[in-house]
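By convention in this document, chain letters (A, B, ...) are assigned in the order of the sequence lines, proteins followed by strands, and residues within each chain are numbered from 1. Note that the structure is predicted; figures quoted are calculated from it, not measured. Note that these values count all heavy atoms, side chains included, but never hydrogens, waters or copies made by symmetry.
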There are 2 protein chains.
Amino acid sequence: MVTMKDVGKAAGVSAMTVSNVLRGNDNVAPDTARRVREAADRLHYRLNTTSLSARSLRVNTSRKASGSRTIGLAIFELDRPYPAQLASLISQTAEERGYQTVVQQTRIDEHNERSIIERMSNQFCDGLIFSSSRLSADEIEQLSNHRPTVLLDDDRPQQDIDTILTPSESGSQAAIEYLYSQGARRIGIVGGNPDERTDVPLLETYHDARHRRLLGCRRAFHRLGLTWSEDRIITTAWGDVDARRAIHEQEAKVRDCDALYCMTDTIAFGVLRGLHDIGVRVPEDMRVMSFDGIAMGALTVPALTTVAVDIELIATQAVDLLIRRIDDEPNLGRQRITVGYHIERRESA
Amino acid sequence: MVTMKDVGKAAGVSAMTVSNVLRGNDNVAPDTARRVREAADRLHYRLNTTSLSARSLRVNTSRKASGSRTIGLAIFELDRPYPAQLASLISQTAEERGYQTVVQQTRIDEHNERSIIERMSNQFCDGLIFSSSRLSADEIEQLSNHRPTVLLDDDRPQQDIDTILTPSESGSQAAIEYLYSQGARRIGIVGGNPDERTDVPLLETYHDARHRRLLGCRRAFHRLGLTWSEDRIITTAWGDVDARRAIHEQEAKVRDCDALYCMTDTIAFGVLRGLHDIGVRVPEDMRVMSFDGIAMGALTVPALTTVAVDIELIATQAVDLLIRRIDDEPNLGRQRITVGYHIERRESA
DNA sequence: CTGAAAGCGCTAACAT
DNA sequence: ATGTTAGCGCTTTCAG
């Protein structure tokens, strides 16, 4: 990197004179100024904004510590539509508020998350938005150096960090009830995999998105007088291709249903295709519904009926809350905001 | 502003010890650590990111090999499948190589790109991957402080920066020829919008992706003896919803075609749905083909026949090339790598 | 007119 | 286990 010192050396003057020339101070001899400018051009000198802000700490102590105005966003998978759309919206919202966003992909890996949060917070972010963390509140607090942090969709009760919540439970309950109202009685759940560890049943206290969606389903089943059975669960990883394969491989189970509720829209894309493959018509033979409300759902054939969450609101709430924390607003208690949803009625159910 | 010194004074230790505690270094007595943390909480201490970046200048420049091992990726739109998938793959590849990736969304905005490249290079990246830049090579060179940079899909001839190219031209040519071989004679181009500025025709010298894809189409038309006409171009923004609307609004033009070549898979998703809306069957009445090869294309009904570019290779080439630059490999001339493609034959053509 | 010195907040390297 | 020193790129201050 070329510094003012370098330019000065090349022009036979001190860094100070270079500074004066480049900032347009008029206390420099015209000839010296010209030489400096030439040297700067030749060496492709660029003012280093970082050091400028370092200085400004000293000069402008009155002003509120305006840091780098950067938000860090850690998100699990950029190649799935929902997180990608969320990242995009958060980035746009932050931009409107005068913040830059840097996104990092965690791939739901604990070690990864740790190193990301460590680097992000230690290095260049005024605040963090963290989606689907594997880490405990304590650890996040620690690693982030008490830096402002907003969690997305993480509702473990011990958390003492601001959180924006997706209406997983109420939305899923509404979905099942909607399917019931359409006449469905044998409703399958796609992607509602039981926990690998059998000691973690559907506790009210353990709340990742899948868990909460299942909880909502169970509640609806109970209210509607339907019997809940693991036989109605079509297990699959949460990817579109995985879901299609799951339909093929669990065809018997599928054919015993008259409706399928998919844990995400992405899963539903694979399900729609899988059902097409095995000759099941939607919605005539099988109603299909899902959760998320991503834009692409309007374009499938048939178009997807879905629990559309207010994803823009998630983005704006997360960003605004984080900025309030960064600005160190006093008397702002811990926030837990659940955004709304509506049933987007389209063709598949 | 509360500094580490302040916290130290309150806790009866030096700033250095505060730093050690807050960064989780374990060389501090538990009791001291507790006192420091209490003082930090009481005074509402916040790590100052600005000074960190100032420091990192030193760290980065002093020892090349032990830089921050971070790659910056600037990409235009995270909410479209192709760039999202690319970002995801680059991130994974970099991780395998021991680098972290931070992604920033540019939204194809010149001002945005400028500030991103400036911040990234000044602050925390060992190298930059830049997709679809609006800036000139000179400016990129300047802004990045001559930091290692790889461009994606930017082939303006004056560029003197490493570039990984998508086979836009040859792939598009192959697509048209494939459609022709299937019997299509009246081929429409969706998203091949003519330039707004009429003084920028299909020059061989101006090469963004759209331009190069159009060039490939024209070449194929010429070779096959088909007449090229603007009447065959269905204009649309490059989004799925836009494309669907374009089919509706330009229905007459559409119905005069026996095949449609879409500039991206995303456009094709909208087109498939649009054709369904107006009762045109694919592939019976209309063959549809597109460019990119994103995974979702296998799941539409009908599944999409597409020019599948080797997107994983784009990611690995970009990352590996950048890392070679970061490691300052000598005698490595400017690279311009075009990745391969194949025609992924599925149902739509 | 020009430059040397000091210092912004923080941390790597070294010293105690 | 804790502290001291030095220095990142720049600009304010003040001395030549």
Side-chain angles (χ1 to χ4, degrees), chain A residues 1-9 11-36 40 43 45-63 65-68 118-119 121-126 145-147, chain B residues 1-9 11-36 39-40 43 45-68 118-119 121-124 145:
Chain A
M1 141 167 285
V2 183
T3 71
M4 284 196 174
K5 213 168 167 179
D6 299 323
V7 176
K9 202 182 295 174
V13 295
S14 76
M16 199 51 240
T17 301
V18 177
S19 173
N20 281 326
V21 171
L22 265 33
R23 298 194 349 127
N25 290 358
D26 53 356
N27 54 347
V28 184
D31 191 57
T32 316
R34 192 186 41 73
R35 275 192 353 262
V36 167
L43 301 177
Y45 171 76
R46 293 219 76 251
L47 177 66
N48 184 318
T49 44
T50 298
S51 352
L52 268 185
S53 16
R55 275 268 359 156
S56 78
L57 285 170
R58 175 138 115 101
V59 179
N60 223 345
T61 36
S62 58
R63 185 181 44 155
S66 89
S68 51
E118 214 157 356
R119 271 191 51 66
S121 56
N122 277 337
Q123 302 238 357
F124 46 73
C125 291
D126 298 319
N145 277 330
H146 307 89
R147 193 149 295 249
Chain B
M1 144 170 280
V2 183
T3 71
M4 285 195 173
K5 214 166 165 183
D6 300 325
V7 176
K9 201 181 295 175
V13 296
S14 76
M16 197 57 235
T17 301
V18 178
S19 171
N20 280 327
V21 171
L22 266 29
R23 299 196 342 128
N25 291 357
D26 54 359
N27 55 348
V28 183
D31 191 58
T32 315
R34 191 186 43 73
R35 267 179 16 246
V36 167
L43 301 177
Y45 170 76
R46 285 278 188 69
L47 178 66
N48 184 317
T49 42
T50 300
S51 3
L52 271 181
S53 344
R55 270 231 42 121
S56 78
L57 287 170
R58 171 137 112 107
V59 178
N60 280 345
T61 45
S62 60
R63 274 202 48 72
K64 230 169 200 136
S66 71
S68 52
E118 205 157 359
R119 271 188 53 64
S121 57
N122 276 338
Q123 302 231 358
F124 47 73
N145 277 327

Practice task
Calculate the interatomic distance between Leu22(B) atom CG and dC10(C) atom C1'; express it in whole Å.
Solution key: 12 Å
Exercise for the section: Please determine if a side-chain N or O atom of Thr32(A) lies less than 4.0 Å away from the OP1 or OP2 oxygen of dT2(C). Expected result: yes
Problem - Interatomic distance, Asn25(A) CG vs dT13(D) P [rounded to whole Å] - result: 12 Å
Handout entry: Under 4.0 angstrom between Thr3(B) side-chain N/O and dG9(C) OP1 or OP2
Key = no
Practice task
Write down the distance between NZ (Lys9(B)) and P (dG9(C)), rounded to a whole number of angstrom.
Solution key: 12 Å
Practice task
Before giving the answer on side chain to side chain contact (heavy atoms under 4.5 Å, CB included), spell out for Val13(A) and Arg35(A) the whole-Å C-alpha distance, their side-chain angles and the decisive distance to 0.1 Å.
Solution key: CA-CA 9 Å; Val13(A) 295; Arg35(A) 275 192 353 262; 3.8 Å; yes
Handout entry: Which nucleotide in dT2(C), dT11(D), dC10(C) has an atom nearest any side-chain atom of Met4(B)
Key = dC10(C)
Practice task
Determine: side-chain N/O of Ser14(B) to OP1/OP2 of dT2(D), distance under 4.0 Å, yes or no.
Solution key: no
Handout entry: Under 4.0 angstrom between Thr17(B) side-chain N/O and dG3(D) OP1 or OP2
Key = yes
Practice task
Check whether any side-chain N or O of Tyr45(B) sits under 4.0 Å from OP1 or OP2 of dC10(C), and answer yes or no.
Solution key: yes
Handout entry: Shortest non-hydrogen contact between Leu43(B) and Val7(B), atoms and distance
Key = CD1-CA, 3.9 Å
Exercise for the section: Tell me which nucleotide among dT2(C), dA5(C), dA12(C) gets nearest to the side chain of Asn27(A). Expected result: dT2(C)
Completion exercise
Paired with Tyr45(B), the side-chain contact (heavy atoms from CB on, under 4.5 Å) test is passed by just one of Asp6(B), Val36(B), Leu22(B), namely Leu22(B)
Problem - Within-4.5 Å side-chain heavy-atom neighbours: Met4(B) and Leu47(B) - result: yes
Problem - Between dT5(D) (P) and Lys5(B) (NZ): distance, integer Å - result: 12 Å
Handout entry: Whole angstrom value for the distance that separates C1' of dC1(C) from CG of Asp31(A)
Key = 13 Å
Practice task
Taking only the side-chain nitrogens and oxygens of Arg35(B), find out if one of them lies under 4.0 Å from OP1 or OP2 of dA1(D).
Solution key: no
Completion exercise
Testing dG3(C), dC1(C), dT11(C) for proximity to the side chain of Leu47(B), the answer is dT11(C)
Completion exercise
Rounded to whole Å, CG of Asn20(B) lies from P of dT4(D) at a distance of 14 Å
Completion exercise
In this structure, OG of Ser14(A) is separated from NZ of Lys5(A) (nearest 0.5 Å) by 11.0 Å
